[in-house]
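In what follows, chains carry the letters A, B, and so on, assigned in the order in which the sequence lines appear, proteins first and then strands, with residues in each chain numbered from 1.
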2 protein chains.
Amino acid sequence: MGITSEAVTPRLRMSGDDRRRQLVEIGWTLLQRRPIHELALDEVALEAGISRSLLFHYFPTKGDFYAAVVEAAGAKMLKPVGVKDGDTPHERIRSLIDGFVRLVERNRVGYTSLVRGAGGGDVRVVEAMARVRDALVPRWLAVAGFESTGDECHDALVRLVVRGWLVGMEETVLAWNPDTLDRALLVDYLTESFQSQLQVAARCTTAS
Amino acid sequence: MGITSEAVTPRLRMSGDDRRRQLVEIGWTLLQRRPIHELALDEVALEAGISRSLLFHYFPTKGDFYAAVVEAAGAKMLKPVGVKDGDTPHERIRSLIDGFVRLVERNRVGYTSLVRGAGGGDVRVVEAMARVRDALVPRWLAVAGFESTGDECHDALVRLVVRGWLVGMEETVLAWNPDTLDRALLVDYLTESFQSQLQVAARCTTAS
DNA sequence: GGCCTTATTGAGCAACTGTCAATAGCAACG
DNA sequence: CGTTGCTATTGACAGTTGCTCAATAAGGCC
């Protein structure tokens, strides 16, 4: 276990950026197998074939490294879920959610490590995860065909709603047991749920 | 800083249960000021005026102690939110949510520490928080006047939905900025949101 | 008073985060 | 080719923390 891929040259000098990328990449790989707080920097350094000190040279503190890993992982895992160009917003949302559920199904450990682990740790990690989610919100809104009304208050609520809904969905899918509940049914619910949330938000702001 | 309240008798022998309660109580107090993962056992022991070893005598591992604290904190913070016996389910739910939002407003740090911190750490902690949430679900359902249809699948989905909604609400309220969004509006949205979720869940299972 | 249970402690181990001064690879320049 | 300078890289060290274990002592019971 823990065999370094390249063990020939004892001391290979890399450019700063390359090394940084390599380390984050290793962190991301390891993150898929266990939660981040169980990720000792020793192990990352060993995997990279460098000393721990070098890791601290690039990331001044553990939290900084974790944050970088979480940000990369979030981008890799969450963003590229495919959306088929369906006809209606409903179909597009459904395909987006379906892709997401399948992603979680396929990579449960990694996803759990990311979502659950990101909450606990350092402030920087929490912020990194928050940034990932914030970046997701516009994408979901775009898929839903949402257009800003220009009303500042309304937009604020909508963003808040989508954000909360995303987190709720993450939790729901993680808590979901495929054996007792059909995936299609879950996806149906989530799709309806998302749209109904937006409608409710719209109703609330126009009513006031 | 960190002054023990009782420092007279150097070695006071307490009953096991009392000591346990005292330690959890201290943990809960400290939890209100900072996230749980920043809570060193050293500090807890110091605050209690005992040695670290004794703490390990009562809680075999750090995770066990944290789990006990989270469970106690969850029970103290989440459960006793008051519900006025309103006429309609809508009013009761609204008052429950309103109480919850005010609770978070009043005790933001502690609540953040609980929710965010509980996600990360040990498996036991996650499970403890899951237990707290699971215990909450029936209560919310009761307030909403929900009655089981006897359909196993439907009930499973409803529980899942409420759980996810709760987590989403936690996130929403925590991300909520009182300056840019009126509380009444937020509570309105959350109330409508909750009911609409239940309706959507009902529609999805009956449709299949 | 003597005994037995167990609450309590101090010393110590192992793992981990973070620091610092010293070393060495690589490029530029004379 | 030799020197110099930058910085990637390292090894040794210090402080903290989770956890173990054998030893101690406080309090109840006969």
Next item on the list: Starting at atom CG of A:L55, determine the distance to atom C1' of D:dG11, rounded to an integer number of angstrom.
Entry: 16 Å
Note to self: Can you tell me which residue among B:R131, B:R124, B:K76 is in a salt bridge (charged side-chain N to carboxylate O under 4.0 Å, His left out) with B:E71?
What the structure shows: B:R131
Next item on the list: Give the nucleotide from the list D:dG11, C:dT6, C:dA24 with an atom nearest to the side chain of A:S53.
Entry: D:dG11
Checklist line | Atom-to-atom span, CD of B:Q22 to C1' of C:dA7 - whole angstrom | finding: 13 Å
Checklist line | Rounded interatomic separation in angstrom, taking CD from B:E43 and P from D:dG18 | finding: 11 Å
Item checked: Nucleotide nearest B:S51 (side chain, heavy atoms from C-beta), chosen from C:dT9, C:dT5, D:dC19 -> C:dT9
Next item on the list: Starting at atom CZ of B:F56, determine the distance to atom P of C:dG10, rounded to an integer number of angstrom.
Entry: 15 Å
Check: In whole angstrom, what separates B:D42's CG from C:dT17's P?
Finding: 17 Å
Tell me which donor-acceptor pairs under 3.5 Å the side chains of residues 157-164 of chain B have, and how far apart each pair is, sequence neighbours excluded?
| unit_1 | atom_1 | unit_2 | atom_2 | d |
| --- | --- | --- | --- | --- |
| B:R163 | NE | B:D134 | OD1 | 2.7 |
| B:R163 | NH1 | A:E171 | OE2 | 2.5 |

Next item on the list: Would you mind classifying the nucleic acid contact of B:L41 as base, sugar-phosphate or nothing, using non-hydrogen atoms under 4.0 angstrom?
Entry: sugar-phosphate
Notebook entry, point to check: For A:L39 and C:dC16, what is the distance between atoms CG and P respectively, to the nearest whole Å?
Noted result: 11 Å
Next item on the list: Return the orientation label for the B:F100 and B:W140 ring planes: parallel under 30°, perpendicular over 60°, tilted otherwise.
Entry: perpendicular
Next item on the list: Tell me, please, whether A:F59 has A:R20 positioned over its six-membered ring: NZ or CZ under 6.0 Å from the ring centre and within 45 degrees of its axis?
Entry: yes
Margin query: From C-beta outward on B:R13, which listed nucleotide comes closest to its side chain: C:dA24, D:dT10, C:dT5?
Written below: C:dT5
Item checked: Lys/Arg cation over aromatic B:F194: B:R94, 6.0 Å, 45° cone -> no
Notebook entry, point to check: D:dG18, D:dA25, C:dC16: which one has an atom nearest the side-chain heavy atoms of B:Y66?
Noted result: D:dG18
Next item on the list: Report which part of the nucleic acid A:T61 touches: base, sugar-phosphate, or nothing (heavy-atom distance under 4.0 Å, all strands).
Entry: sugar-phosphate
Notebook entry, point to check: B:R52 or B:M14: which one's nearest nucleotide on DNA chain C is closer to the 5' end?
Noted result: B:M14
Checklist line | B:I50, nearest nucleotide to its side chain (from C:dT17, D:dA8, C:dT9) | finding: C:dT9
Check: Over how many whole Å does the gap from B:L54 atom CG to D:dC19 atom C1' extend?
Finding: 14 Å
Note to self: Strictly below 4.0 Å: does A:R19 bring a side-chain N or O up to OP1 or OP2 of D:dT9?
What the structure shows: yes
Item checked: Interatomic distance where CD belongs to A:E38 and C1' belongs to D:dG18 [whole Å] -> 14 Å
Next item on the list: May I ask you to verify if any side-chain N or O of A:H57 is less than 4.0 angstrom from the OP1 or OP2 atom of D:dT9?
Entry: no
Margin query: What contact category does A:Y58 fall into here, base, sugar-phosphate, or nothing, at under 4.0 angstrom with non-hydrogen atoms?
Written below: sugar-phosphate
